[in-house]
Each structure stands twice: as structure tokens, then as C-alpha cells.
Engineer: 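Handing you a structure now.
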2 protein chains.
Amino acid sequence: MSTQDRLIETTRELLWERGYVGTSPKAILQRAGVGQGSMYHHFTGKGDLALAAITRTGEEMRAMIDGLLDAGGSAYERIEAYLLRERDVLRGCPVGRLTMDPDVIASDELRAPVEATIAHLKDRLAVVVQEGVDGGEFAPHLVAADVAAAIVATVQGGYVLARAAGSTDAFDMGVRGLLSLLSPSSPAASRTPSPDLPKD
Amino acid sequence: MSTQDRLIETTRELLWERGYVGTSPKAILQRAGVGQGSMYHHFTGKGDLALAAITRTGEEMRAMIDGLLDAGGSAYERIEAYLLRERDVLRGCPVGRLTMDPDVIASDELRAPVEATIAHLKDRLAVVVQEGVDGGEFAPHLVAADVAAAIVATVQGGYVLARAAGSTDAFDMGVRGLLSLLSPSSPAASRTPSPDLPKD
DNA sequence: GTCTATATAAGGATAGAC
DNA sequence: GTCTATCCTTATATAGAC
């Protein structure tokens, strides 16, 4: 791995652990094992390096989301797959946590990849929810975009609950609660989409 | 207001805006308009002052929650009142945002009031949800504690979505999505709890 | 390209005058 | 109780040697 890559990867780790304001160039350099000069050779400064790191984290997350939602199965199953995917819950979301960082939010450049990643997740989920509504899996009055936002919010908020309590339990509870609301009629039944009906 | 109170109030503001790692004693003193000596006279240091500030914020929030949930109305109405209460959405939650602060999470003392506040909110909502289930307002298969966690998570995550997008819209969408899931059968109908039936 | 040295400011706390 | 002065460390960046 190149020195430049080492810097980006180390920065990704530290941004995840401590956020932007909590991460110093010195901490990055020490953990990466490189000198000051290398960093300022490849990047103009802390912000520039953080931008590269956040961008890469966002790309990775989008790829993971696409992988989960592109897999087969009913709408409910794909949403369930997203909600139940393995996570380091107590570490929080490497993208979402940046929204609580004042310097990230204050910079349109740093916020852009965060916004793009969250928007992508919401949009992809909205399509799945709409498919579920159209296929009769979900209640017909549901607004796909609203439910998608609720799904993303439940996950992001689940991290908050878990970290507040110092335990992953609250995250799991929130996810279970949301899934139970998504399947109101038959909680334990296998859910097969009803066949398409002629629309007239 | 005493100097001590000025310090606490100013610290609450800054913790809300910038979190713990992003808030320096110097910034507090400048905004409060007091000298170094006063702070170190009343508090042992930054952490001690932050503890007082977080504790007060937590107490205020708990009082507000109780006020909302103690008010009359159906279970749905009280949950709706909590979800739709006026908020400075783009500022985030003054308690929840602290869970993303590495130094707060690393300190059991600083985390305690955060945990207590979130737990109180979850517990109070769980009681309301259970009342809604028992009264026939909500689907009988719902687990109150799980749904309560989903409600809190939707709000906390809604802040994340809103701040990522730089707009309050996503917060409102998530709340609408959750409310629509809570009222699956009759989205627009007025919801009157069905009368209690004898339990045997 | 990478390193060490240096510079300026800020973070966080102490000492002691008033 | 409150203030200013001082102290040591860290944050962030630049300069220049190799």
C-alpha cells in the first residue's frame, strides 16, 4: 500500500473513532507511521486528507448497500437484510457520525460525500419499499420515500441508543420494532408477495 | 444569574453546537465573558463543568418529555405529540449528539446523564405504546419496548438525515413514515381506542 | 517523496495578585 | 470570587535537508 493510501486508511479509522474535530494530523501520522512531510506532500492539509478519506468511506458504503439491496428476495427480505446486516454497532456509522461534527457540517465540501451516501441509501430503499407496496407486501397507503427515511433513521438512531447505553441491545430493539411495524398483519408468517392484479 | 450559572449555560450551548471535543475552556470563557479563574474556582476543570452542563440538559429534556407524554389523548396522539414537537432540527439533539463524542463515551461519568435521559425517554414511550396495544389502538403483536426504541431511534436518526442533507425535510419524512407505520389500517381516520373488553 | 526542525497558535491547567 | 500572568502540551502548518 502506498504512503498516500496508508494516510487515507488511517484517517478513515480515526474519523470513525473520533470524528473530524477529534482527529489531529499528528495522531494520523503517528498511527500511519509516516512523517509530517509525506502528508503535506500528498495533501494540502487536514481537510484535504479528510475529504479523501470520507469520499472513500462513502463509496465503500454505497457499494455495500447496492450489494445488499440488489440481492434477490421480497422487498421485506431485502429491507431485513439491510437492517440485520452485521455491524460494529458500538462504533457507530462511519458516515452518519460525521453529521454531528461541526466542522464537517460547516464545510460544503466535506459534507457533500456524506450527503451523497445517505441520499443514495434512502433512494435505494425507497425503490424497494415502493416495490413492496406495488406487490401487495406492504400497506397500500405507505409513502415509499417516507418509510425509506424512517428505515435509515432507525438505523442511524439505533447507533445513538446503543452508544448511550453502552450496549448493542437498544439497536436491536429498534430494528425489531421497525420490522414488526413493517409486517403488521402476520408477524411470523412467511411473506409471499401477492400476484399482480390487472390495474383496471 | 450567577457566574457559575453563566458558565453552565454557556457550556450547554457550546456542547450542543460543537460537542465535547470541539469545545475548549477558552471558548466557554470568552462567550460567557468571565476569566479563567472563575471557572477553575467553581469547577475542577473542563470535564467537571461539562458534567454539570450535560446533567442540566438531561433534566430539562426529561421534564419536557414528561410534560408531553403526561398530557391527555390516545396513545397515538401522545406519540404523535412527541414526534411532532417543535424542534431546531438542524441543531440536532443536545443529548443524543453527545453519543458521538469519543471523550463522552469514554467517560462513564459523562455518559451517565446521557444514558439516563435516553433510557427515561424510551421507558416512558414504552408505557404509552403498551397502553395503545392494550387498548386496541395498535396491533396486538407489537412489543412495546421494541416499538419505543424504534420511535426514539427515528427521531435521533432523523437529525442525522437532516444534517447530512442540510435540510429539515428528511427529518419530517422519517417521522411521517413512522407514523404511517403506526397507523396501518386507517391512515386518515380518527383513531378512537376500542373499549376495554373483559379479560376472561 | 520522505524526513526532521521549526513556528505560531490553541488547549488545558496552575499560581498568585486583588 | 474573580482576574491576569504563566506554564506545558498539543494542533496545524511551513521550511528545508536528504
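So that the names make sense, note that chain A is the first sequence line, chain B the second, and so on, each numbered from 1. Quick note: numbers below take in every heavy atom, side chains included, and nothing from hydrogens, waters or symmetry partners.
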Engineer: Closest-nucleotide mapping onto DNA chain D: is B/Ser38 or A/Thr23 further toward the 5' terminus? I mean the 5' end.
Structural biologist: B/Ser38
Engineer: Do we get A/Arg111 above A/Tyr20's six-membered ring, with its NZ or CZ under 6.0 Å from the centre and within 45° of the axis?
Structural biologist: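 No; the conditions do not both hold, so A/Arg111 does not lie above the ring face of A/Tyr20.
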Engineer: Please write out the pairs of protein N or O atoms and N or O atoms of nucleotides 13-17 of chain C separated by less than 3.5 Å, giving the distance to one decimal.
Structural biologist:
{"from": "C/dA13", "atom 1": "OP2", "to": "B/Tyr40", "atom 2": "OH", "distance (Å)": "3.1"}
{"from": "C/dA13", "atom 1": "OP2", "to": "B/Lys46", "atom 2": "N", "distance (Å)": "3.3"}
{"from": "C/dA13", "atom 1": "N7", "to": "B/Gln36", "atom 2": "NE2", "distance (Å)": "3.3"}
{"from": "C/dA13", "atom 1": "N6", "to": "B/Gln36", "atom 2": "NE2", "distance (Å)": "2.4"}

Engineer: Please give me every residue in residues 2-22 of chain B whose heavy atoms get under 4.0 Å of an atom in DNA chain C, ordered by residue number.
Structural biologist: none
Engineer: Is there a continuous path of hydrophobic side-chain contacts, each under 4.5 Å between heavy atoms, that joins A/Val152 to A/Ile65?
Structural biologist: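 Linked within one cluster.
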Engineer: Does the distance from a Lys or Arg side-chain N to an Asp or Glu carboxylate O, for B/Asp70 and B/Arg78, drop under 4.0 Å?
Structural biologist: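 No, this pair does not count.
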Engineer: Given atom CG of B/Leu29 and atom P of C/dG11, what is their separation to the nearest angstrom?
Structural biologist: 11 Å
Engineer: Output the rounded distance in Å from CZ (A/Arg31) to P (D/dA11).
Structural biologist: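 Between P of D/dA11 and CZ of A/Arg31: 13 Å.
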Engineer: Side chains of A/Met100 and B/Val160: does their closest heavy-atom pair fall under 4.5 Å?
Structural biologist: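 Side-chain contact under 4.5 Å: yes.
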Engineer: For a quick test of reading the model: is some side-chain N or O of A/His41 closer than 4.0 Å to OP1 or OP2 of C/dC3?
Structural biologist: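 Result: no.
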Engineer: Would you mind checking if B/Glu13 and B/Arg31 are paired as a salt bridge, meaning a charged N to carboxylate O distance below 4.0 Å?
Structural biologist: yes
Engineer: Starting from P on C/dA5, measure out to NZ on A/Lys26 and report it in whole angstrom.
Structural biologist: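 A/Lys26 atom NZ is separated from C/dA5 atom P by 13 Å.
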Engineer: Check this for me: does any side-chain nitrogen of one of A/Asp5 and A/Arg56 sit under 4.0 Å from a carboxylate oxygen of the other?
Structural biologist: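 Counted as a salt bridge, because a side-chain N and a carboxylate O are separated by less than 4.0 Å.
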Engineer: Please report the distance, rounded to the nearest Å, between CD in B/Gln30 and C1' in D/dC3.
Structural biologist: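 Rounded to whole Å, this separation is 15 Å.
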Engineer: Please state how far atom CG in A/Asp48 lies from atom C1' in D/dT12, giving the value in whole angstrom units.
Structural biologist: 14 Å
Engineer: Do A/Arg6 and A/Glu9 meet the salt-bridge criterion of a basic N to acidic O distance under 4.0 Å?
Structural biologist: no
